[in-house]
Amino acid sequence: MVLLIAPFLKENRRSWLFNEIGRFWIVWLLVVFVSSSAFAQTQSVAADTTSLGDRMARWLSPEVRKLDERLVDVETQLLRCPSLMVRHQLQRLGCHSWHFESANQPFELIVDLGQLHEIDAIAMIPVHLVQGNSVTGGYGFPKRFRIDVADDREFLTSDTRRPSEQTRKKPRTNAPVFKKLRKGVNMDTARPDSGVWPKIQHDVAHFEAAADAGFESVRVFLPAGADYKSTQQQIKDALSNDLAIVVCMWGSPAWARNTELGAKQIADKWRELAEVWKEYPSDLVFEILNEPEGIGFMKANGAPKIMPLYNAAAQAIRDVDPDRPILIGAPGYNDSEFLDPFVTEEYLTYQFDGGKGFYDDANTGVAIHFYSPKHVDGLNFAMWTQGLGDDESKWKAPITAQIMSAVNWRNDIGVDIPIITTEWGCWLFPKRSEDDLTKWLDHHVDLFRRHNIGNMWYTGLQNNQRTFGILDSELGWNQTVLDKLTGVTPSSLPKISQVINGEFFKPDQAWRLTSDTISREYVYGKNAFSGTSMLKLTVPNDAKGLLYLQTYHANGGYKGAPGRTLVHLIKGCTYCISFIAASEDGEGRISAQLQDAQTMDTFYDSREADGDWISVGKEPRTYTRLYTHNTETVMDVRLSFDVGSMQQVLYLDKVELIRN
C-alpha cells in the first residue's frame with residue numbers, strides 16, 4: 001500500500017487587527033495507520049495560550065468564531081479515541097516540513113508501507129513538541145492538501161499526482177543528448193599521457209562493449225592539467241559507436257586555496273576545449289567539474305566559493321559555443337541537497353545570445369552524485385558489505401531523499417532543467433545477495449524514471465578488482481545490474497587488458513618489487529617509450545628479485561570488496577603478455593611469469609617455455625609471449641617479471657595482459 005500525502009500550501013494565518021501581517025507556521029504531519037481496534041487522539045491546546053490579538057480577532061470576526069466551534073467539534077470526536085502518548089520522535093511518529101520562503105510552496109510526503117495493509121482510518125494529528133518540561137501545542141495544517149492511496153507502485157507516476165510537478169515548470173526544448181544520458185555508464189580509465197595507478201588504459205573496445213550492452217552514453221575524466229589530445233581520441237571512439245560522451249574535468253586543489261586563480265584557470269581550460277572541439281556534434285557534453293569537495297571546497301562552506309568557478313567556466317564555453325551541451329554540478333560531492341540555493345540564477349549569472357541566462361539555456365543540465373544508503377545513513381549497503389535488512393524504509397529513505405532534493409529544486413525554480421545522476425552505484429562482489437541487489441536497483445530505477453532523471457552508473461570499468469565495477473575483462477558484465485540499467489544481454493566478450501598502471505605513472509602502488517636491493521625510478525617526458533612515463537630498474541650484481549602485479553592492498557588500508565581480484569586466468573583461454581623494454585648497455589635479460597597469487601604455483605615461465613631468458617637490447621622494442629591456460633580457472637593471479645640474477649639497468653613500458 002502506498003500512501004501519498006501532498007499538502008499544497010502552508011497555513012498563512014493573518015490577524016485582521018494587526019494590518020494583515022502574516023505569520024507562517026511550520027507544519028508538523030503525524031501519519032497514524034489505524035486498524036479497527038486502534039484510533040488516535042490529540043490533546044487540545046489550552047485556551048489561555050492565545051494572544052490578545054487572537055482573542056480580539058475572535059471577538060471581531062464571525063469566521064474565526066465558526067472555526068473555533070469546528071475545532072471544539074473535532075476535539076470532541078478525538079476524545080472518543082484511545083489516548084496516544086505523543087513525544088518528539090520524528091523518525092517513528094511523524095514528518096516535519098522545512099521553512100519555505102513562499103506560502104505557495106508545495107510539499108510532498110510519500111509513505112510506502114512496503115506491503116499490502118488494510119487501512120480502516122488515517123489520522124493526521126498536529127504533533128505536540130515536548131522539550132524538557134515544556135510542551136508546545138500542535139501546529140496547524142496547510143489550507144489545501146490531498147491524500148491518495150493505492151496498492152500499485154505505478155500509481156506514483158499516474159495523473160493522480162499533484163499537477164504542479166509538470167505544469168509549474170517553464171517549458172523549454174532541451175538538447176536531445178540529455179535523453180541519451182538516461183542510459184549511461186562511467187568508463188574510468190587512464191590514457192598513455194595521463195592517469196593514476198589503479199586504472200587500466202583506455203581502449204576503443206571498452207566503448208564497443210558499452211554499446212553492445214545497450215548503453216547510450218559514456219562518461220570519462222579529463223584532469224585539468226592534462227593534454228586534451230588523448231581525450232579527443234576517446235571522443236572519437238565514443239561517437240564512432242553512436243555513444244554520447246560526457247567529458248568531466250578533474251579540478252586542481254590549488255583552486256580551493258585561491259578561488260580567483262581557480263576561476264581564471266577553469267575558464268581558460270574550458271574556453272580552449274570549447275574552441276578545439278567546437279566542430280564535434282552535440283553528443284559531446286562538457287561536465288564542468290567533478291565533486292568540488294574532492295579538491296577542497298568543503299560542503300556548505302565551500303558551496304558559495306565553488307559557484308563562481310562554475311559560472312566562469314559556463315561563461316567561457318558560451319562565449320565560444322552557445323549550443324554546446326554542458327552539465328553544472330551541485331557543490332560538495334555533487335550533493336543534490338546543495339542545488340538549492342546554489343545552482344540558481346543567483347550564482348549562475350552567465351549570459352549569452354542577447355541576454356539568455358541559466359534558466360533559458362536549453363543546452364545546460366545539472367549533475368548530481370550519490371551512493372546510498374551508506375554509513376551516515378545508518379546502513380552501509382552502497383559502500384560496504386552490509387545487507388539491506390528487513391526494514392525497507394531504512395534503506396529506501398536516504399535514496400528517495402537524494403532524488404527528492406533534486407526534484408524539489410527543479411519544481412521550486414519552475415524550469416524544466418535536465419537532471420543527470422552522473423555517478424551512483426554500490427559495491428558488487430560474489431557473496432552480495434542477488435535479492436538485495438535487485439530490490440535496491442529497482443528502487444533507484446523507479447525513482448529515476450518517475451522523475452525523469454538521467455543516470456550513469458559508476459563504474460563500468462576501472463579494473464577487475466574495482467568494487468563498483470560492472471564489467472570484468474574475463475567474466476563480462478554483471479547481468480543483474482545490466483538487466484535493470486539497459487535490459488540488454490551483450491552478444492560478445494571484449495578483449496581487455498587486465499593490467500593496471502601499465503604506463504607506470506607515479507605514485508605507483510600497483511607494481512611491487514620482491515627485493516629492496518633493486519631500485520626503481522620513473523622517467524617522464526619524450527624519452528618514455530609510450531605516453532609520458534616509463535619505469536627504470538637498476539639491478540645490482542647478484543641481486544635476485546621480481547617486479548610483480550597482483551590483487552592490491554594500497555596504502556591507507558584499501559581492502560576492496562571480498563572476492564574481487566585483479567588478474568584472472570580462465571580455463572581454455574590463451575593470453576598474450578606484452579611489454580616494451582630496453583637495456584642501458586644492450587645486454588639485458590628478463591623473463592615473464594604467471595603464478596597463483598595465493599599458493600605461488602607457477603603456471604607459466606617464459607624462461608622455461610623458451611629455454612632461455614628474453615634478451616633485451618639497447619633499442620626499445622615490443623616483446624610478446626603467448627600462454628594457454630588449460631588447467632582450472634584461477635581468479636587471483638600474479639603477473640611478474642624476473643629482472644634479477646645479473647647487474648643491469650632495464651627500462652619497461654606499456655605492459656599488457658590480454659586474452660588473445
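These values consider heavy atoms only, across backbone and side chains, with no hydrogens, waters or symmetry-generated copies.
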## Note on the structure
Taking every heavy atom of A367 against every heavy atom of L327, the minimum-distance pair comes out as CB-CB, 4.3 Å

### Task
Go through the structure and list residues passing side chain to side chain contact (heavy atoms under 4.5 Å, CB included) with D212, not counting sequence neighbours.
P490, S491, S492

### Task
Decide if the gap between the ring center of F603 and the ring center of H629 is smaller than 6.0 angstrom.
yes

### Task
Take W255 and I306 through the test side-chain contact (heavy atoms from CB on, under 4.5 Å) and record every step on the way to the result.
CA-CA 9 Å; W255 297 350; I306 191 61; over 6 Å; no

### Message
The criterion is side chain to side chain contact (heavy atoms under 4.5 Å, CB included); which residues satisfy it with T486, sequence neighbours excluded?
### Response
F215, L482, V488

### Message
So, taking the atom named CZ in F641 and the one named CG in L549, what distance separates them when rounded to the nearest 0.5 Å?
### Response
9.0 Å

### Task
Any chance you could lay out the salt bridge (charged side-chain N to carboxylate O under 4.0 Å, His left out) test for R432 and D436, step after step, and finish with the verdict?
CA-CA 8 Å; R432 168 133 276 173; D436 273 3; over 6 Å; no

#### Entry: Distance under 6.0 Å and angle within 45° of ring axis: R625 vs F579
no

### Query
Under 6.0 Å between the ring centres of H202 and F207?
yes

### Audit row: R607, D642, salt bridge (charged side-chain N to carboxylate O under 4.0 Å, His left out) steps and yes/no
CA-CA 9 Å; R607 186 180 174 189; D642 188 338; 5.1 Å; no

### Message
Going by the rule side-chain hydrogen bond (donor to acceptor under 3.5 Å, both in side chains), which residues pair with K571 if we only count those two or more places apart in sequence or in a different chain?
### Response
E632

### Query
Judged by modelled atom types alone, do Q265 and S252 share a side-chain donor-acceptor pair under 3.5 Å?
no

### Query
Among Y333, F468, W440, W424, which residue meets the ring-ring contact (aromatic ring centres under 6.0 Å, His included) test with Y371?
F468

### Message
According to side-chain hydrogen bond (donor to acceptor under 3.5 Å, both in side chains), who are the partners of D188, at least two apart in sequence or on a separate chain?
### Response
K199, Y458, Q462

### Query
Do Q315 and D319 get their side chains close enough for a donor-acceptor pair, meaning under 3.5 Å?
yes

### Task
Any salt bridge (Lys or Arg N to Asp or Glu O under 4.0 Å) involving residues 527-538? Give me the pairs, sequence neighbours left out, ordered by first then second residue.
E521-K536

### Query
Please walk me through it: do H206 and I496 pass side-chain contact (heavy atoms from CB on, under 4.5 Å)?
CA-CA 8 Å; H206 305 162; I496 296 172; 3.7 Å; yes

### Query
If you measure from CZ on R324 to CD1 on I317, what distance do you get to the nearest 0.5 Å?
9.5 Å

### Query
Any side-chain donor-acceptor pair under 3.5 Å between Q593 and D605?
yes

### Query
Checking side-chain contact (heavy atoms from CB on, under 4.5 Å) for the pair R564/L428: CA distance, chi angles, key distance, verdict?
CA-CA 8 Å; R564 297 206 65 155; L428 299 167; 3.9 Å; yes

### Task
Start with the C-alpha distance between V637 and Y575, add both sets of side-chain angles, then the distance that settles side-chain contact (heavy atoms from CB on, under 4.5 Å), and finish with yes or no.
CA-CA 13 Å; V637 175; Y575 293 89; over 6 Å; no

### Query
When you measure from the side chain of D596 to the backbone N and O of Q598, does any donor-acceptor pair fall under 3.5 Å?
yes

### Query
Is a side-chain donor-acceptor pair under 3.5 Å present for S530 with D653?
no

### Task
Validate the cation-pi geometry between R520 and Y522: distance from NZ or CZ to the six-membered ring centre under 6.0 Å, angle to the ring axis within 45°.
no

### Query
So how far is it from E619 CD to S583 OG, rounded to the nearest 0.5 Å?
10.0 Å

### Query
Is a side-chain donor or acceptor of Q648 paired with a backbone partner of V643 at a separation under 3.5 angstrom?
yes

### Query
Got a sec, which residues hit side chain to side chain contact (heavy atoms under 4.5 Å, CB included) with N380, two or more places apart in sequence or on another chain?
K374, H375, M383, W384, Q386

#### Entry: For the student: nearest non-hydrogen atoms of L222 and D227, plus distance
CD1-O, 4.0 Å

